[in-house]
Participant: 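Here's a structure for you.
Computed over heavy atoms, backbone and side chain alike; hydrogens, waters and symmetry mates excluded.
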Amino acid sequence: MAPILQIKNLSHLYSAGTPFEHKALDQVSFSVERGEFIGIIGHTGSGKSTLMQHMNGLLKPTSGSVELDGVDIWKDKKTTRQARFRVGLVFQYPEYQLFEETVYKDIAFGPKNMGLKAEEIDRRVREAAGFVGLTEEQLKVSPFDLSGGQKRRVAIAGVIAMEPEVLILDEPTAGLDPVGREGILENIQAYRKAKNATIMMVSHSMSDVARLTERLLVMNNSRLAMDGTPDEVFRRAEELVHMGLDIPDVTRVFLRLKKMGLPVEPVYSIQQAVDALKKLKGGNVHA
Ligand code: ADP
Ligand code: MG
């Protein structure tokens, strides 16, 4: 099947033509297949957020293109508007953009903008609230009366309520406690499963992306430095460290063991570590 998104030689300059000109994206190209769960990693300032904001037409390429189902999302006004609905973007710290008097109204804002009928809006608000675990009671309160984690859920529900085919989340778990983080990650997986949605998630947590995603894009200095399965990417752990990136704890331990002379290859999951250690025990180590 044809890819849902195609990014072709995408470059973006901020403040073009001024002394503050900055190339935030440099010739980035990749395709996204329908239904994939992709993780985007890279150090701060590498261009992750800039890249994500191009996926739904929030930012316009300086050069290159973003195609949705083979059509440039900047082809005409109608196409750009469609892209905004079909590709949903949850910003970093989205709770700062809540502004309605009730949680219900905040979640309803997107679907309303789409021009849907009242009944359909109502159905979507309730379904989206369900995905993120908000109760009927919470729909009636002011978003400002909720905890940080709950506000984040409201903001995510607002995007989910538009039922985007591609859901993009820019560091959705940043600043939350472990329980809040796990909850949000489960919400995302629930949405993906229910709607066969495509997910792109920017994350600082290497263990989260290693565990959840099928493919990783690594941004470095405005460029796409790697594009592969978590296995392929974490095998290049030394390069990742060089780029100022964190690697999974277990990968770090194994790199250390390798440096100490043990015949092990880098691993990135606990299961792989167990397998590698078993092999080692059967072979070179007499414990
Ligand atoms: P990341 O999300 O990986 O941290 P960003 O895409 O936010 O990276 O930023 C990439 C680069 O572009 C950084 O150097 C940042 O300072 C710069 N940048 C981001 N937004 C703007 C903006 N609105 N105007 C000018 N420069 C920006
Ligand atoms: Mg960012």
Participant: Charged N to carboxylate O below 4.0 Å: is that the case for Arg235 and Asp231?
Facilitator: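 Salt bridge flag = yes for Asp231 with Arg235.
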
Participant: Rounded to the nearest 0.5 Å, what separates atom CD in Glu101 from atom OG in Ser142?
Facilitator: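 Glu101 CD to Ser142 OG: 9.0 Å, rounded to 0.5 Å.
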
Participant: Rounded to the nearest 0.5 Å, how far does CD of Glu67 lie from CH2 of Trp74?
Facilitator: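 Reported value, rounded in 0.5 Å steps: 15.0 Å.
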
Participant: Using the ring centroid of each side chain, check whether His12 and Tyr14 are separated by less than 6.0 Å.
Facilitator: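 Between His12 and Tyr14, the centre distance is under 6.0 Å.
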
Participant: Thr50 and Gln53: side-chain hydrogen bond (donor to acceptor under 3.5 Å, both in side chains), yes or no, with the steps?
Facilitator: CA-CA 5 Å; Thr50 304; Gln53 288 169 37; over 6 Å; no

Participant: Donor-acceptor check, side chain of Thr198 to backbone of Val166, threshold 3.5 angstrom: yes or no?
Facilitator: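 Absent.
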
Participant: Without swapping roles, check the side chain of Arg86 against the backbone of Glu163 for a donor-acceptor pair under 3.5 Å.
Facilitator: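 Looks like no, no N/O pair under 3.5 Å.
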
Participant: Output all residues satisfying side-chain hydrogen bond (donor to acceptor under 3.5 Å, both in side chains) with Gln97, sequence neighbours left out; order by chain, then residue number.
Facilitator: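 Counting only residues at least two positions away or on another chain, Gln97 forms no side-chain hydrogen bond (donor to acceptor under 3.5 Å, both in side chains).
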
Participant: Distance-only, no hydrogens or angles: does the Asp106 side chain make a donor-acceptor pair with backbone N or O of Glu100 under 3.5 Å?
Facilitator: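 Yes, Asp106 side chain to Glu100 backbone: donor-acceptor pair under 3.5 Å.
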
Participant: Which heavy atom of Thr102 sits nearest a heavy atom of Pro143, and at what distance?
Facilitator: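 What the structure gives for the nearest pair is C-CD, 3.7 Å.
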
Participant: Which heavy atom of Ile107 sits nearest to which heavy atom of Ala128, and what is that distance?
Facilitator: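 Ile107 and Ala128 have their closest heavy atoms at CG2-CB, 4.2 Å.
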
Participant: Can you tell which of Gln271, Lys278, Gln272, Lys279 makes a side-chain hydrogen bond (donor to acceptor under 3.5 Å, both in side chains) with Asp275?
Facilitator: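 Only one of Gln271, Lys278, Gln272, Lys279 forms a side-chain hydrogen bond (donor to acceptor under 3.5 Å, both in side chains) with Asp275, namely Gln271.
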
Participant: Start with the C-alpha distance between Arg124 and Glu127, add both sets of side-chain angles, then the distance that settles salt bridge (Lys or Arg N to Asp or Glu O under 4.0 Å), and finish with yes or no.
Facilitator: CA-CA 5 Å; Arg124 287 186 178 210; Glu127 190 182 65; over 6 Å; no

Participant: Between the main-chain N or O of Ser63 and the side-chain N or O of Ser11, is there a donor-acceptor pair closer than 3.5 Å?
Facilitator: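 Judged by distance alone, no pair lies under 3.5 Å.
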
Participant: Would you tell me whether Tyr104 and Asp122 have side-chain atoms, one donor and one acceptor, within less than 3.5 Å of each other?
Facilitator: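 Yes.
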
Participant: Check for a donor-acceptor pair, side chain of Arg152 on one end and backbone N or O of Ala174 on the other, with a separation under 3.5 Å.
Facilitator: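 Yes; judged by distance alone, with no hydrogens or angles, the pair exists.
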
Participant: What heavy-atom pair brings Val28 and Ser222 nearest, and what distance separates the two atoms?
Facilitator: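 Of all heavy-atom pairs spanning Val28 and Ser222, the closest is CG2-O, 3.8 Å.
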
Participant: Salt-bridged, Glu136 to Arg126, with N to O below 4.0 Å?
Facilitator: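 So Glu136 pairs with Arg126 through a salt bridge.
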
Participant: Roughly how far, to the nearest 0.5 Å, is the NZ atom of Lys75 from the CG atom of Asp72?
Facilitator: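 Atom-to-atom, Asp72:CG and Lys75:NZ are 9.5 Å apart.
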
Participant: Where the side chain of Lys48 meets the backbone of Gly42, is there a donor-acceptor pair that is under 3.5 Å apart?
Facilitator: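 Judged by distance alone, yes, a pair lies under 3.5 Å.
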
Participant: Does a salt bridge link Glu119 with Arg123, judged by any charged N lying under 4.0 Å from a carboxylate O?
Facilitator: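 Arg123 and Glu119: not salt-bridged.
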
Participant: Main chain of Val132, side chain of Arg153: is a donor-acceptor contact present, judged purely on distance under 3.5 Å?
Facilitator: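 Yes: the side chain of Arg153 pairs with the backbone of Val132.
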
Participant: Can you name the closest pair of heavy atoms from Thr44 and His204 and give their distance?
Facilitator: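 Here Thr44 and His204 meet closest at OG1-NE2, 4.1 Å.
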
Participant: If you measure from CG on Leu216 to CG on Asp227, what distance do you get to the nearest 0.5 Å?
Facilitator: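 Here the interatomic distance stands at 9.0 Å.
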
Participant: So, taking the atom named CG in Leu116 and the one named CD1 in Ile121, what distance separates them when rounded to the nearest 0.5 Å?
Facilitator: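 Taking CG in Leu116 and CD1 in Ile121, the distance rounds to 5.5 Å.
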
Participant: Would you call Arg252 and Glu238 a salt bridge, using N to O less than 4.0 angstrom?
Facilitator: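 Salt bridge flag = no for Glu238 with Arg252.
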
Participant: Do you know the tightest heavy-atom contact between Leu10 and His54?
Facilitator: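 In terms of heavy atoms, the two residues are closest at CD1-CD2, 3.7 Å.
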
Participant: Taking Val141's backbone N and O only, do any of them form a donor-acceptor pair with Asp145's side chain (distance below 3.5 Å, no angle check)?
Facilitator: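 Answer holds: no.
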
Participant: May I ask you to check whether Gln82 and Thr79 show a side-chain donor-acceptor distance below 3.5 Å?
Facilitator: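 Looking only at side-chain atoms, Thr79 and Gln82 do not form any donor-acceptor pair under 3.5 Å.
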
Participant: Assess, by modelled atom type and distance only, whether the side chains of Asp170 and Ser49 contain a donor and an acceptor separated by less than 3.5 Å.
Facilitator: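 Side chains of Asp170 and Ser49: pair found under 3.5 Å.
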
Participant: Quick test of your reading of the model: are Arg34 and Asp69 salt-bridged, counting only N-O distances below 4.0 Å?
Facilitator: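 Salt bridge flag = yes for Asp69 with Arg34.
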
Participant: In chain order, what residues pass the side-chain hydrogen bond (donor to acceptor under 3.5 Å, both in side chains) check against Arg181, with sequence neighbours excluded?
Facilitator: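 Testing Arg181 for side-chain hydrogen bond (donor to acceptor under 3.5 Å, both in side chains), a comparison that skips the adjacent residues, returns none.
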
Participant: For Glu186 and Gly183, indicate whether the former's side chain and the latter's backbone hold a donor-acceptor pair under 3.5 Å.
Facilitator: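 Side chain of Glu186 to backbone of Gly183: no pair is present.
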
Participant: Would a distance-only check, ignoring hydrogens and angles, find a side-chain to backbone donor-acceptor pair under 3.5 Å from Thr135 to Gln138?
Facilitator: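 Side chain of Thr135 to backbone of Gln138: a pair is present.
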
Participant: Looking only at heavy atoms, what is the nearest atom pair of Val267 and Ala276, with distance?
Facilitator: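 Closest pair (atom of Val267, atom of Ala276, distance): CG1-CB, 4.3 Å.
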
Participant: Tell me every residue that passes ring pair (Phe, Tyr, Trp, His ring centres under 6.0 Å) with Phe131, counting only those two or more places apart in sequence or in another chain.
Facilitator: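 So Phe131 forms a ring pair (Phe, Tyr, Trp, His ring centres under 6.0 Å) with Tyr191.
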
Participant: For residues His43 and Asn220, is any side-chain donor paired with an opposing acceptor at under 3.5 Å?
Facilitator: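 Yes, Asn220 and His43 have a side-chain donor paired with an acceptor closer than 3.5 Å.
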
Participant: Distance check, rounded to the nearest 0.5 Å: Glu214 atom CD versus Phe37 atom CZ?
Facilitator: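 Those atoms lie 8.5 Å apart.
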
Participant: Is any NZ, NE, NH1 or NH2 atom of the basic residue among Glu182 and Arg211 found under 4.0 Å from an Asp or Glu carboxylate oxygen of the other?
Facilitator: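 Salt bridge: yes.
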
Participant: What about Phe254 and Tyr268, are their ring centers closer than 6.0 Å?
Facilitator: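 Distance test on ring centres: not under 6.0 Å, no.
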
Participant: If you apply the rule ring pair (Phe, Tyr, Trp, His ring centres under 6.0 Å), what do you find for Tyr96 with Phe91, and how did you get there?
Facilitator: CA-CA 10 Å; Tyr96 290 119; Phe91 285 97; over 10 Å; no

